[in-house]
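Data block below; observations after.
So you know, we letter chains A, B, ... as the sequences are listed, proteins then strands, and number each from 1.
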Number of protein chains: 2
Amino acid sequence: MLVNGRGTRSIRLAEPSGAPPVPEIIDQTRLPHELRFVLLETLHDAERAIREMWVRGAPLIGVTAAYGMALGARSDPSDGGLESAARRLSSTRPTAVNLGWALKDMVEKLRPVAPASREAAAFEHAGAMAEADVDACRAIGLHGVGIFEQLAASDTPSGELQILTHCNAGWLATVDWGTALAPVYRAHRSGIPLHVWVSETRPRNQGAGLTAWELAEEGIPHTVITDNASGHLLRTGRVDAVITGTDRTTSAGDVCNKIGTYMKAVAARDCEVPFYAAVPGSSIDWKLGEGEAGEIPIEERDGSEVSQVRGLGPDGRMTSVRITREGSRIANFGFDVTPARLVTGLITERGVCPASRKGLASLFPDKAIGEDARG
Amino acid sequence: MLVNGRGTRSIRLAEPSGAPPVPEIIDQTRLPHELRFVLLETLHDAERAIREMWVRGAPLIGVTAAYGMALGARSDPSDGGLESAARRLSSTRPTAVNLGWALKDMVEKLRPVAPASREAAAFEHAGAMAEADVDACRAIGLHGVGIFEQLAASDTPSGELQILTHCNAGWLATVDWGTALAPVYRAHRSGIPLHVWVSETRPRNQGAGLTAWELAEEGIPHTVITDNASGHLLRTGRVDAVITGTDRTTSAGDVCNKIGTYMKAVAARDCEVPFYAAVPGSSIDWKLGEGEAGEIPIEERDGSEVSQVRGLGPDGRMTSVRITREGSRIANFGFDVTPARLVTGLITERGVCPASRKGLASLFPDKAIGEDARG
């Protein structure tokens, strides 16, 4: 998508002349105040980028981890090196299913390859994974825009389509296009008048910082609100549809996503506003069936993310301020689960389906067969 | 309630020897980092204290406005002076019903009094209003603790009563005891094991800053969470009851309170957790009946409250950091309405009742007669 009017991606290969390829990312913790590109030169760099959330969003985490495996293979292409790299990368963020999936896939692909060829194979495979992600997001946009076209045609109260989103499920969370924002970008480019309510998404404010930044770069009208204000907008008829991403979706359609998603979904249901999750197939956990969403480990992060708010200080430098009393006990849950019954539909790269086992199985019969065998 | 182990109040009369009485408040914008008492010496000081939210919370706003009228009468006790003072104070915060109620009451009491005696009468009447508020809050605590005793007796999963609250409806929002926190204080003092989940309450973080501070001073176990985390705690069985205050309640039981309250109530209902509002009679708007909650003006405050987060900087001084890109459009709604159907019960100074016209009329037949006449 656009940055300063030019197309870019959240992760690309930089190839300085005569040097081996090096992945380049955006340090998203600096946004929206500073656009800083960072080269990942070692496995350690990739681990750090994921753990420190320079990159975030399930799909981008997966692709970054895949490039991390390639960097690992560059320094130690042995079987032990592969396994050690996968173990180190896997411990950086426990909830994102794409992380485990990408690492497993890389290990399976690389193990049969002779060590001397593993680096090249790893870069090739990580690149293919990135392209597959772009294709999936593009397809989510094409399927999702159909929903927006229908809603826009049905006489929205404000004369423009009012979308509410949460956190950042845009191109910064993927490689390009994004998941929840892909239909928004597509709708905007096809001329549907729309406006996006962007909830700030405490504690890390990815809505206020990243989603608003993406939308501004693309020229899409939007307004930042507190997470608390979402319910008021829904209740007063100022939202036509809610759309979020997902970090992990069970095969029964329960959506695990950024903390606060569940409250939006339950308020949307109360107000009869449709709630959609944009779900790349790679984020579906086929091992988890009905009633098993409780088995998803919910990452508890450091309390300082809540007590210390980071932003641009009066001197123009990134600064943190403490909003709690020193020593206050804090709990910081990263995700919550929205039960399938509150989800109007899942927008996948293969089409839109009801949030149910049957719905997902109709789009992913190849995957769901495993699910049947499991039961 | 306790501060540094000694009982205090949110507004008191300071009477330096030989000087006329001067109201003293706490500048709540400095909490939890600094405890600063401020003297209100003029009508202008009182206006500023309310507008700048040095004092906040519907009951405390009402009492501060009453003292503001007394300060106004000190400098201009004429009829014109009374009316001008009431007009100026009334424009400081549009949503809090107590503000209009207190000002009307003061004007009605003072108009028949000879101008020379108005200052003394005004201080006396403002003092009585403060005492009446303390009595009401004390009574809310006594009625509410009965609910907590029942819940605690019914085998709570954690072995202690888990309460979720929002914003600050403690003694800092009233004169003493608080509304939503009064039953919490009472329960704690009577030995019921309990723990309070304190949602930070963006944009101004009155939960993280004020409620957590109050509870810490009183020695009550508590944990600060993001507003977004409330739904996750409810869904995973970690909350036994939700209790909030109210800024205005319609005669039909619809609760207008700090933005974010509605989402807590709707999630609580989805999770079958009881949701209570602590409602002093003074905050009931008898003019608004069924389906008329939409007529409550919802204060829209400056967007900088969302974009700029205020806290203690690394240098130990109060600092603001910007979390949005410069120029991002922001909407900042102060309140939302929780429909009566989502409210398990209203805890008033006269007892607990269902959130309905009939329920409130049973406790306030004297007021509800006016409501009948209205219809």
- Region of A:L234 that comes under 4.5 Å of a non-hydrogen atom in chain B: neither

- Task: Among B:T201, B:I330, B:V306, find the residue that satisfies the side chain to side chain contact (heavy atoms under 4.5 Å, CB included) test when tested with A:T226.
- Result: B:V306

- Task: Please tell me if the side chains of A:T319 and B:P314 come closer than 4.5 Å, counting only heavy atoms from C-beta onward.
- Result: yes

- Which one, B:L215, B:L312, B:L210, B:V266, leads in non-hydrogen pairs under 4.5 Å with chain A? B:L312

- So, do B:I298 and A:H232 sit near enough that their side-chain heavy atoms are less than 4.5 Å apart? yes

- Query: For A:V337, is it the side chain, the backbone, both, or neither that has a heavy atom closer than 4.5 Å to a heavy atom of chain B?
  - Reply: both

- Message: Assess whether a salt bridge exists between A:E217 and B:R325, defined as any Lys/Arg side-chain N lying under 4.0 Å from an Asp/Glu carboxylate O.
- Response: yes

- Message: Given heavy-atom pairs under 4.5 angstrom as the criterion, report whether the side chain, backbone, both or neither of A:A212 touches chain B.
- Response: side chain

- Message: Please identify, among A:L31, A:N332, A:T236, A:D336, the residue contributing the most non-hydrogen atom pairs under 4.5 Å to chain B.
- Response: A:D336

- Note on the structure: Cut-off 4.5 Å, heavy atoms of chain A, and the answer for B:K258 is neither

- Task: Please confirm whether the backbone N or O of A:R322 pairs with a side-chain atom of B:H33, one donor and one acceptor, at under 3.5 Å?
- Result: yes

- Item | Greater than 12 external heavy atoms within 6.0 Å of B:E34's CD | yes

- Message: With chain B as the partner, which of A:Q308, A:E200, A:E326 has the greatest number of non-hydrogen pairs under 4.5 Å?
- Response: A:E200

- Query: Which atoms of B:L342 come close to chain A, meaning under 4.5 Å heavy atom to heavy atom: side chain ones, backbone ones, both, or neither?
  - Reply: side chain

- Does B:Y262 reach the side chain of A:S230, with side-chain heavy atoms less than 4.5 Å apart? no

- Item | A:D227 side-chain N/O to B:N228 backbone N/O, donor-acceptor pair under 3.5 Å | no

- Query: For chain B, which of A:A216, A:P339, A:G334 has the most heavy-atom pairs under 4.5 Å?
  - Reply: A:P339

- Query: With a 4.5 angstrom heavy-atom cut-off, which part of A:R310 approaches chain B: side chain, backbone, both or neither?
  - Reply: backbone

- Examine whether an atom of A:R341 lies under 4.5 Å from a heavy atom of chain B, and if so say whether it belongs to the side chain, the backbone or both; otherwise answer neither. side chain

- Of A:V198, A:T261, A:T324, the largest count of non-hydrogen pairs under 4.5 angstrom with chain B goes to A:T324

- For A:H222 and B:S328, work out which heavy atoms get closest and say how close. NE2-OG, 4.4 Å

- Query: Most heavy-atom pairs under 4.5 angstrom with chain A, which of B:G313, B:P221, B:A331?
  - Reply: B:A331

- Query: Is B:R329 close to A:H195 at the side-chain level, that is, under 4.5 Å between some pair of heavy atoms?
  - Reply: yes

